[in-house]
A.B. asks: 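My questions will all concern the structure given below.
Just so it is clear: chains get the letters A, B, ... in the order the sequence lines come, proteins before strands, and each one is counted from 1.
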There are 2 protein chains.
Amino acid sequence: MAVTLADVATRAGVSAATVSRVLSGNYPVAGATRTRVMRAVEELQYVVNGPASALAAATSDLVGVLVNDIADPFFGIIASAVQSEMGTGAPGTGQQKLAVVCNTGGSTESELTYLTHLQRQRAAAVVLTGSGVEDEKHGAALASRLRRLAAGGTRIVLCGRPPLAPPEQKPQHKDAEHKDVQHRHHGERQARSGRGKERRETLEDQAPGPRDDEHQASDTGDGIVTIAFDNRGGSRRLTEHLLSLGHRSIGYVTGPADRTTTRDRLEGHRLALRAGAPELLAQAEQFTVHGGAYDRSSGYDGALELLRRVPDLTAVLAANDTVALGICAALRDQGLRIPEDVSVAGFDDLPFSADACPTLTTVRIPLHDAGARAGRLALGRETPPPGGVATVRTELMARGSTAPPSGSRN
Amino acid sequence: MAVTLADVATRAGVSAATVSRVLSGNYPVAGATRTRVMRAVEELQYVVNGPASALAAATSDLVGVLVNDIADPFFGIIASAVQSEMGTGAPGTGQQKLAVVCNTGGSTESELTYLTHLQRQRAAAVVLTGSGVEDEKHGAALASRLRRLAAGGTRIVLCGRPPLAPPEQKPQHKDAEHKDVQHRHHGERQARSGRGKERRETLEDQAPGPRDDEHQASDTGDGIVTIAFDNRGGSRRLTEHLLSLGHRSIGYVTGPADRTTTRDRLEGHRLALRAGAPELLAQAEQFTVHGGAYDRSSGYDGALELLRRVPDLTAVLAANDTVALGICAALRDQGLRIPEDVSVAGFDDLPFSADACPTLTTVRIPLHDAGARAGRLALGRETPPPGGVATVRTELMARGSTAPPSGSRN
DNA sequence: CTGTTAGCGCCTTCAT
DNA sequence: ATGAAGGCGCTAACAG
C-alpha cells in the first residue's frame, strides 16, 4: 500500500539498511549515496512507518503530558512550557521529542487510560500535571502503574502535585482514615499517610516564607521526579495578608474536595488562622464552602452560599483565580462592591487576573518555569533535585481586590 | 525485557493467537479460556506493545489535534471539546480513540513536523484548529501533505480555518500577488487565490447576517472536512454595532498579519465601513495597527500606537479578547475611561470576557460546539456537511465596554 | 562505507 | 474454538 523503505532502497539502488542509516543520520554514509537516497525519498514522498520503526528500535520519541483540564490556562501554560523544551536537537536528526498533551478531565479512569496508552507506545517520558486525586484506591493504582512505567525506562515527572507516597506501606487503620476525611478541615487532621510530623504545631514560630520541607523525606528511589508547588505557603501568606488588613470574617470557597491542591491551600489558610487569629478556627467550617470544581460557577454559587451563612463577610478566598472571578460576579450581583464591601483573592495569577475587575489579589505560581523544568527533567536534560523533589516558590500578588474592611455595610 | 504476548500465552496455557483474540475481543473465544487468559494478563501486568500491534494491524487509535497556542483558552476549549467526543465505545473494547493535542506555537515548521509524526504513527484522524498561515509556499506544502494523509486513510478536519484551496492551480502571476499583499488592507484586494468573485462589491445590499457562501465552491472531493468560523460576518456586525452607536473614529489592532483569521476579521470590519460609513475607508490604514500576536502585549502596544496616530479615537476593535484586555490596560494607563472615553471590543467571547473590567463587548464563537463537531467528524460519526464545509455562526455580545462616544474628552 | 541477516511483538489467514 | 506459521516495515548487529 504505502511506500516502504524497500521501495526507496530499490529506487536509489541501495539496500534498505543504507536508507535507514541515511534517514536516522546516526551512521556514516557516503555523500553521494546520501543525496541519491534523499532524492528517492523526495520523489516517493516516503514517510517512515512509526510503529515499525518503534518496534525495531524499541524506543519512541513520544512524551505524554497529562492535564486535568486543557481549557484551563493553568494547564495550558504548563503544557506549553513543557513542550517548549522538547524542540532541541537539529530537526533532521530525529532528536526531537514530541510532546502530546492528554486531557484527563480530572477523571482518574481517564488518567489511567492515557497512562496505559502511553505505556503501550513505550513513551519516552510522561509528565503529570496539576493536583492529583486523593483517593486511596486510585492513588495506589496510579503509583504502581507509574513505578512500572519508570521501571520500563519511561521517565516520570510530577508537576504541581505532591510526590508519590512510598510503595511498601500497606493501608493501615482504615477507620482512622475515614474519620480523618470528615474532620480534615478542622485543622487537626493527621499528617499525610506515612509521613507524620508534629512540627506543624510550632509553625507560629516560623517566618512566613516558603516551606520546602514538607516533602523532603519522600525520595522513594524510584527515579520519579516531582516539582511541587508551594500551595500551602502561598495560601498561608495570602491569609496573613487579609488578617493584616484587619479582616476577621473570611470566607473560603475551595476546589473539589478530593484534590491535593485543594487540601494544601486550605491547610495553608488554616495554618495562618491558627497563627494569627486562632479564635477564628472554631467557626472555620462555617466559613468554608466546598466548591465542586475549579470553575467560575463554583465561585459564583459558593459566594452566594457564603453570604447566606455569613451576612457580615468581609473577605473571600478562592480556590483559584477562575473561582475568584465567579465570586466577584456573585458579589457584584448582590450589590456589593469589591474591595470596599468585600475583599476577594484568587490563586495562581493567571494572565487574566491582572485585567480583572478590580485587579485580582492572588498568589503567583511560576507555571511556565515549572513546566519548562518539568520538560527538561523529562528529557533527562537536567539533573533531578536532591531527594527527587523540588518545591517552587509562590509569591503574593497584592492588588486591587483586597483592602481593609470598611466596618460598615448596607 | 517487558512481558509479551507469548509470556501471557505460556502462563495461561494457550497459544499467543488465543491471547490476541481475547484481548482484541473481535473473535469468539470460549468463556473459560477467556477468563484464564485475563487472569494471566492481570498477574503479569501485561500491556500490549503498541508499535508491534500497530505494525501488524496497520491501524492506530491516535487522533491528533493541532493547535496554535495551547496556553490560549481559545484552543483549549476547542481541544477539550474534540477530546470529549473520543470516549465512545466500551472502555475494554479498545474502541476508544486517543486524542493528543499538539502545540505548534503557530509555527508552520512545527505544524509540518507534527503532521509528519502523526503520519508516521498512521493516525486515525487529525484535526487542525485555528487560523492557518497565509504563506503560499507553506499553504501548498500543507495542502499536499494533508491530501496525502487523507489518501492514506487518515481523516482530516479543519476547524476554525478556511478550507484548503483546490490543488491543481499553479501559482499564477506572482507579481500581482505581491502587490496585493501591500494593498490588501484598503478593502480592494483581490479575492483569494483561485476563487475570484465580484459579488463582494454589492455587499451593501445584503442583510448583515452570517455569510456562509464564501467557501461553497471549494469541495475538492478529497474528503477533507472543514468547520469554518464566520469571522467576517461577526466582525462586520461588531463594526456595525459601533457605527450605530455613533462612532466615527474607530481603531483596529489586528492579529498577526499572515493569518487567515486576521484577514477575515479585518475584511468584515472593512465591509461594514464600506456599507455604513464609506467616508472612513480612505483613512482606514491609519486606523489599523497590525499586532504581532494574539496576545495582551500586542493589544497594549497597539493601543498606544493608535492613540499616538489618532488622538481623538473613540473606539478600538481588537483581534481577539486577549488583545482587547491589553488595549483596555493601555487605555486605563493613559487615564482614559472605558467606555466613557473609548469603547473597546474583542472577539471570541472567551470565558474571562464577561468578567473583564468593564465587561467586554465581543463576538461569540461557539467554540465548544465547533470542536465537538470536529471530533465527531474526525471519528466518522457524523456525516460531513454538503460540500465538505460548514460555517458556524457567530453572535454579537454587546456588553459594558462599548457605549456611544461622549463627544468631549480631556 | 555498504549489504546481509535476523529478529522486534503482534495479528491473521489457514489448518486442525 | 484453538494452534501454527508467515509477515507487517524497520533497525541493528555482523560481515565484507
A.B. asks: Considering residues at least two apart in sequence or located in another chain, which fulfil the salt bridge (Lys or Arg N to Asp or Glu O under 4.0 Å) criterion with B:Arg373?
C.D. replies: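 Counting only residues at least two positions away or on another chain, B:Arg373 forms a salt bridge (Lys or Arg N to Asp or Glu O under 4.0 Å) with B:Glu382.
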A.B. asks: Hey, does the side chain of A:Thr35 reach the backbone of A:Ala32 with a donor-acceptor pair shorter than 3.5 angstrom?
C.D. replies: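 Yes; at least one donor-acceptor contact below 3.5 Å.
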A.B. asks: With sequence neighbours excluded, tell me which residues meet salt bridge (Lys or Arg N to Asp or Glu O under 4.0 Å) with A:Arg36.
C.D. replies: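 For A:Arg36, no residue satisfies salt bridge (Lys or Arg N to Asp or Glu O under 4.0 Å) once neighbours in sequence are set aside.
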A.B. asks: Could you state the atom-to-atom distance from CG of A:Leu55 to P of C:dC10 in whole Å?
C.D. replies: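 A:Leu55 atom CG is separated from C:dC10 atom P by 9 Å.
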A.B. asks: Could I get the full list of salt bridge (Lys or Arg N to Asp or Glu O under 4.0 Å) partners for A:Arg145, not counting sequence neighbours?
C.D. replies: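 None.
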A.B. asks: Taking only N and O in the side chain of A:Thr4, is any of them less than 4.0 Å away from OP1 or OP2 of D:dC8?
C.D. replies: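 Result: no.
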A.B. asks: Round to a whole Å and report the spacing from CD of B:Gln121 to P of D:dC8.
C.D. replies: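 Distance check: B:Gln121 CD to D:dC8 P gives 20 Å.
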A.B. asks: Between A:Ser15 and A:Thr18, does any side-chain donor sit less than 3.5 Å from a side-chain acceptor?
C.D. replies: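 A:Ser15 vs A:Thr18: donor-acceptor pair found between side chains.
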A.B. asks: Would you give a per-nucleotide map of nucleotides 11-16 of chain D, 5' to 3', where B means the base has a protein non-hydrogen atom under 4.0 Å away, S means only the sugar-phosphate does, and - means neither?
C.D. replies: BBB---
A.B. asks: Quick check for you: among C:dC1, C:dG3, D:dG9, whose closest atom lies nearest to any side-chain atom of A:Ser15?
C.D. replies: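 Of the options given, the side chain of A:Ser15 lies nearest C:dG3.
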A.B. asks: Regarding A:Glu111 and A:His138, is there a side-chain donor-to-acceptor distance under 3.5 Å anywhere?
C.D. replies: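 There is such a pair (donor and acceptor under 3.5 Å, judged by atom type) between the side chains of A:Glu111 and A:His138.
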A.B. asks: Among A:Leu158, A:Val100, A:Val65, A:Ile156, which residue satisfies the side-chain contact (heavy atoms from CB on, under 4.5 Å) criterion with A:Val126?
C.D. replies: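 Result for side-chain contact (heavy atoms from CB on, under 4.5 Å) with A:Val126: A:Ile156.
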A.B. asks: Nearest to the side chain of A:Val29 - D:dC8, C:dT2, D:dT2?
C.D. replies: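 Output: C:dT2.
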A.B. asks: Using five pairs at each end of the helix from C:dC1-D:dG16 to C:dT16-D:dA1 to define an axis, what is the angle between those two axes, to 10°?
C.D. replies: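 Helix axis angle between the two ends: 30°.
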A.B. asks: Hey, could you give me each pair passing salt bridge (Lys or Arg N to Asp or Glu O under 4.0 Å) that has a residue in residues 6-19 of chain B? Not counting sequence neighbours.
C.D. replies: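 Matches after skipping sequence neighbours: B:Arg11-B:Glu43.
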